[in-house]
> 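This is the structure, below, for whatever I ask next.
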Amino acid sequence: MGTIIEQLSLTRGGWRSRHSALHLASAAARSCLDKAGCRPDDLDLLLNAGLYRDRNLGEPALAALIQDDIGAHPEDPHTGDHGTFSFDVANGTCGVLTALQIVDGFLRSRVIERALIVASDADPGHGLSERFPFSAVGGAALCCWTDDHYGLGQVHWVNRIDGGDSFRATVGQNDNRNVLRFHESSSLDEDYAAAGYEAVATCLQEAKLELAEVDSVVAAPARPGFRAALAAKLGMPESRVTVADDEHMHTAALIAALEREERGRSTRARTVLVAVGAGVTAGAALYDGPPIPEEKMARRLWRHGRIIVKDQRSGVETAP
């Protein structure tokens, strides 16, 4: 039994939303809830793991603004009534995995029933960043508890302190503006892969599993160099390491990779989730994903223009 991801959703930035992490996160949250048939007021917890936001905003917490946007108990809470608790989690590319660990603690203690994790990044606005490197993308993951044999395992963390040499983002004054600047080293992918490998190795060792017993590895970030280096260290083909289809995604990259992995399967799958970010910080956890529900599979096939006919006697499925 454990925490499972009930629904995933992605929203990509358009002309109007490319400078608004808030709009991207809110759109992804609404889409995720709509697909799951969940009302905003059904949420007990909302966590925002996004990092780069509108006008380099520091306060208030973006989670509170998202909560208000989607209408999840926007009124003042009253003693004894159900409400939605929201807050931000700042851990870069590892933010979604950190949020999953927090959500798992809340669900495991049975103090909540449903939680929504959102993540988004966007260029903070004209003149407010130098060569912003990340795509404008929002992602959302709806989580709940199951008593079946599925769910998220323990998250194992590795820290290789490098003083920000591999990747660093800073905000400083320039012409009376707070300007966001970035620096990354030429060894970033190798540094990330080394930390990611260590986290995965610890995770599997604690679970007493071999890598061959795992169906797939779902990783973030989606950088090709990192994916290749991680696969090489794990001794597996790159095709078994699933990442987002956009190498420039940041905090929503793990959600995008999970959504991509889910699209490729219809049965239960044992997955290793691994996220690596600045610090260098790496986390890994086993996730036993439940089979895709029939109604969700039907919607997916319909979207892809396929109609599946199943023979009730033989169980054989065909696509006429």
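Because the structure is a prediction, the values reported are computed rather than measured.
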> Can you tell me how far the OG atom of S166 sits from the CG atom of D189, to the nearest 0.5 Å?
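Reported to 0.5 Å precision, the distance equals 10.0 Å.
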> Test side-chain contact (heavy atoms from CB on, under 4.5 Å) on H250 and Y52; report intermediate values, then the result.
CA-CA 9 Å; H250 189 48; Y52 300 109; 3.5 Å; yes
> Quick check: closest heavy atoms across V280 and A195, and the distance to 0.1 Å?
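In this case the closest contact between V280 and A195 is CG1-CB, 3.6 Å.
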> Can you tell me if R55 has over 12 outside heavy atoms packed within less than 6.0 Å of its CZ?
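Counting other residues, nucleotides and ligands, CZ of R55 stays at 12 neighbours or fewer.
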> Keeping the roles fixed (side chain from D68, backbone from P74), state whether a donor-acceptor pair exists under 3.5 Å.
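Looks like no, no N/O pair under 3.5 Å.
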> Which atom names give the shortest non-hydrogen contact between P221 and A253, and what distance separates them?
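Scanning both residues, the minimum pair turns out to be CA-CB, 4.5 Å.
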> Look at the side chain of T202 and the backbone N and O of E198, then say whether any donor-acceptor pair between them is shorter than 3.5 Å.
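Judged by distance alone, yes, a pair lies under 3.5 Å.
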> Would you find a donor on one side and an acceptor on the other, under 3.5 Å apart, between the side chain of S109 and the backbone of F106?
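Between the backbone of F106 and the side chain of S109 there is a qualifying donor-acceptor contact (under 3.5 Å).
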> side-chain contact (heavy atoms from CB on, under 4.5 Å), that's the test. Do V155 and L100 meet it? Break it down for me.
CA-CA 9 Å; V155 182; L100 280 169; 6.0 Å; no
> Do L107 and L8 sit in the same hydrophobic cluster, where Ile, Leu, Val, Met, Phe, Trp and Tyr count as joined when their side-chain heavy atoms come under 4.5 Å apart?
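Yes; tracing contacts between hydrophobic side chains, which count when under 4.5 Å, links both residues.
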> Same hydrophobic cluster for V89 and V274, using side-chain heavy-atom links shorter than 4.5 Å among ILVMFWY?
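V89 and V274: separate clusters.
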> Which distance, rounded to the nearest 0.5 Å, do you find between the CZ of F182 and the CD of E130?
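Those atoms lie 9.5 Å apart.
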> If you look at every heavy atom in A285 and G153, which pair is closest and at what distance?
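Looking at all heavy atoms of both residues, the shortest contact is CB-O, 4.1 Å.
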> Is there side-chain contact between L128 and V179, with heavy atoms separated by less than 4.5 Å?
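Counting from C-beta outward, L128 and V179 never come under 4.5 Å.
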> Quick one: does L65's side chain get under 4.5 Å of P60's, heavy atoms only?
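In contact.
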> Check step by step if salt bridge (charged side-chain N to carboxylate O under 4.0 Å, His left out) holds for D123 and R53.
CA-CA 7 Å; D123 188 322; R53 55 188 67 175; over 6 Å; no
> So, taking the atom named SG in C143 and the one named CD1 in I4, what distance separates them when rounded to the nearest 0.5 Å?
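If we round to the nearest 0.5 Å, C143:SG and I4:CD1 are 9.0 Å apart.
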> Take atom CD in Q101; do more than 12 heavy atoms of anything else shown fall under 6.0 Å from it?
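Check passes, neighbour count above 12.
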> Any side-chain donor-acceptor pair under 3.5 Å between T271 and S216?
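Per modelled atom types, T271 and S216 side chains form a pair under 3.5 Å.
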> Hey, does L204 have a side-chain heavy atom less than 4.5 Å from the side chain of V214?
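Sidechains of L204 and V214: in contact.
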> Taking the side chain as C-beta and beyond, is there a heavy-atom pair between H156 and E206 under 4.5 Å?
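Side chain of H156 against side chain of E206, heavy atoms only: contact under 4.5 Å found.
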> If you take the centroid of each ring, where Trp contributes its six-membered ring, are Y150 and Y287 closer together than 6.0 Å?
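For Y287 and Y150, the ring centres are not under 6.0 Å apart.
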> Whether R39 and D34 form a salt bridge (side-chain N of Lys/Arg under 4.0 Å from carboxylate O of Asp/Glu) is what I want to check.
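Looking at D34 and R39, the cut-off is not met.
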> Does a sphere of radius 6.0 Å around CD in Q205 hold more than 12 heavy atoms from other residues, nucleotides or ligands, not counting ones at 6.0 Å or beyond?
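Counting other residues, nucleotides and ligands, CD of Q205 stays at 12 neighbours or fewer.
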> Between M249 and L51, is there a shared hydrophobic cluster once you connect ILVMFWY residues whose side-chain heavy atoms come closer than 4.5 Å?
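No, M249 and L51 fall in different hydrophobic clusters.
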> Using a strict threshold of under 4.0 Å (side-chain N to carboxylate O), is an ion pair present between E247 and R227?
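No, no charged N to carboxylate O under 4.0 Å.
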> Please check: side-chain N/O of Q7 versus main-chain N/O of C32, any donor-acceptor pairing under 3.5 Å?
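Absent.
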> Quick check: is V243 connected to F226 through a chain of hydrophobic side chains (ILVMFWY, heavy atoms under 4.5 Å apart)?
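Yes, same cluster.
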> Whether R270 and D215 form a salt bridge (side-chain N of Lys/Arg under 4.0 Å from carboxylate O of Asp/Glu) is what I want to check.
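Salt bridge: no.
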> Check the pair L46 / I66 against side-chain contact (heavy atoms from CB on, under 4.5 Å), numbers first and verdict last.
CA-CA 9 Å; L46 189 154; I66 296 166; 4.2 Å; yes
> Contact between T93 and V276 at the side-chain level, heavy atoms closer than 4.5 Å - yes or no?
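No - every pair of side-chain heavy atoms lies 4.5 Å or more apart.
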> Counting distance only, does the side-chain N/O of S120 pair as donor-acceptor with the main-chain N or O of G138 below 3.5 Å?
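Not confirmed, S120 side chain does not pair with G138 backbone.
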> Given 3.5 Å as the limit, does a donor-acceptor pair link the side chain of S20 with the main chain of H23, or not?
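At least one qualifying donor-acceptor pair exists.
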> Atom CG in L254, atom CG in L97: separation rounded to 0.5 Å?
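L254 CG to L97 CG: 6.5 Å, rounded to 0.5 Å.
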> Can you find a pair of side-chain heavy atoms, one from D165 and one from D191, that are under 4.5 Å apart?
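D165 does not reach D191 side chain to side chain.
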> Centres of the F167 and H183 rings: under 6.0 Å?
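Here the rings of H183 and F167 have centres that are no less than 6.0 Å from each other.
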> Can you list the steps and then say if T84 with H73 is a side chain to side chain donor-acceptor pair (under 3.5 Å)?
CA-CA 6 Å; T84 302; H73 292 103; 3.0 Å; yes
> Examine distances only and state if a side-chain atom of T281 and a backbone atom of G277 form a donor-acceptor pair shorter than 3.5 Å.
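Flag not set: sc T281 to bb G277 has no pair under 3.5 Å.
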> Other residues, nucleotides and ligands only: do more than 12 of their heavy atoms fall within 6.0 Å of CD on E210?
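Atom CD in E210 is not crowded, with 12 or fewer foreign heavy atoms closer than 6.0 Å.
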> Give me the atom names and distance for the closest heavy-atom approach of R168 to G163.
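Closest approach of R168 to G163, heavy atoms only: NH1-O, 4.3 Å.
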> So, do L286 and C203 sit near enough that their side-chain heavy atoms are less than 4.5 Å apart?
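Of all side-chain heavy-atom pairs linking C203 with L286, at least one is under 4.5 Å.
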> Between R223 and E184, is there a side-chain N and carboxylate O pair less than 4.0 Å apart?
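Looking at R223 and E184, the cut-off is met.
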> Return the CD1 to OG1 distance between I102 and T3, rounded to the nearest 0.5 Å.
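Rounded to the nearest 0.5 Å, the CD1-OG1 separation comes to 12.0 Å.
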> Looking at D121 and A252, what are the two nearest heavy atoms and their distance?
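D121 and A252 have their closest heavy atoms at OD2-N, 4.3 Å.
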> Does the plane of the ring in F134 sit parallel, tilted or perpendicular to the ring in F132? Use 30° and 60° as the thresholds.
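It falls in the perpendicular class, over 60°.
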> Within the side chain of S135, is there an N or O that forms a donor-acceptor pair under 3.5 Å with the backbone of V137?
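No; zero donor-acceptor contacts below 3.5 Å.
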> Could you please spell out the steps behind the side-chain contact (heavy atoms from CB on, under 4.5 Å) verdict for V103 and L152?
CA-CA 10 Å; V103 164; L152 181 73; over 6 Å; no
> Could you check if a side-chain atom of L116 sits within less than 4.5 angstrom of a side-chain atom of L47, using non-hydrogen atoms only?
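A side-chain contact under 4.5 Å is absent here.
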> So, the side chain of N48 versus the backbone of I117: is there a donor-acceptor pair under 3.5 Å, distance only?
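Answer holds: no.
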> Could R110 and D44 be called an ion pair, given the rule that one side-chain N must be under 4.0 Å from one carboxylate O?
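No salt bridge links R110 with D44.
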> Do N159 and W157 meet the criterion of a side-chain donor-acceptor pair at a distance under 3.5 Å?
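No, because no side-chain N or O of N159 sits under 3.5 Å from a partner of the opposite role on W157.
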> For Y197 and Y192, I'd like to know if the aromatic rings sit close, meaning centre-to-centre distance below 6.0 Å.
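Between Y192 and Y197, which both carry aromatic rings, the centre distance is not below 6.0 Å.
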> Identify the heavy atoms of G283 and A199 that sit nearest to each other, and give their distance.
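G283 and A199 have their closest heavy atoms at C-CB, 4.1 Å.
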> Are L209 and V218 connected in the hydrophobic side-chain network, where two residues link if heavy atoms are under 4.5 Å apart?
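Hydrophobic grouping puts L209 apart from V218.
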> At what distance, to the nearest 0.5 angstrom, does OG of S26 lie from CG of D69?
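It is 3.5 Å, given to the nearest 0.5 Å.
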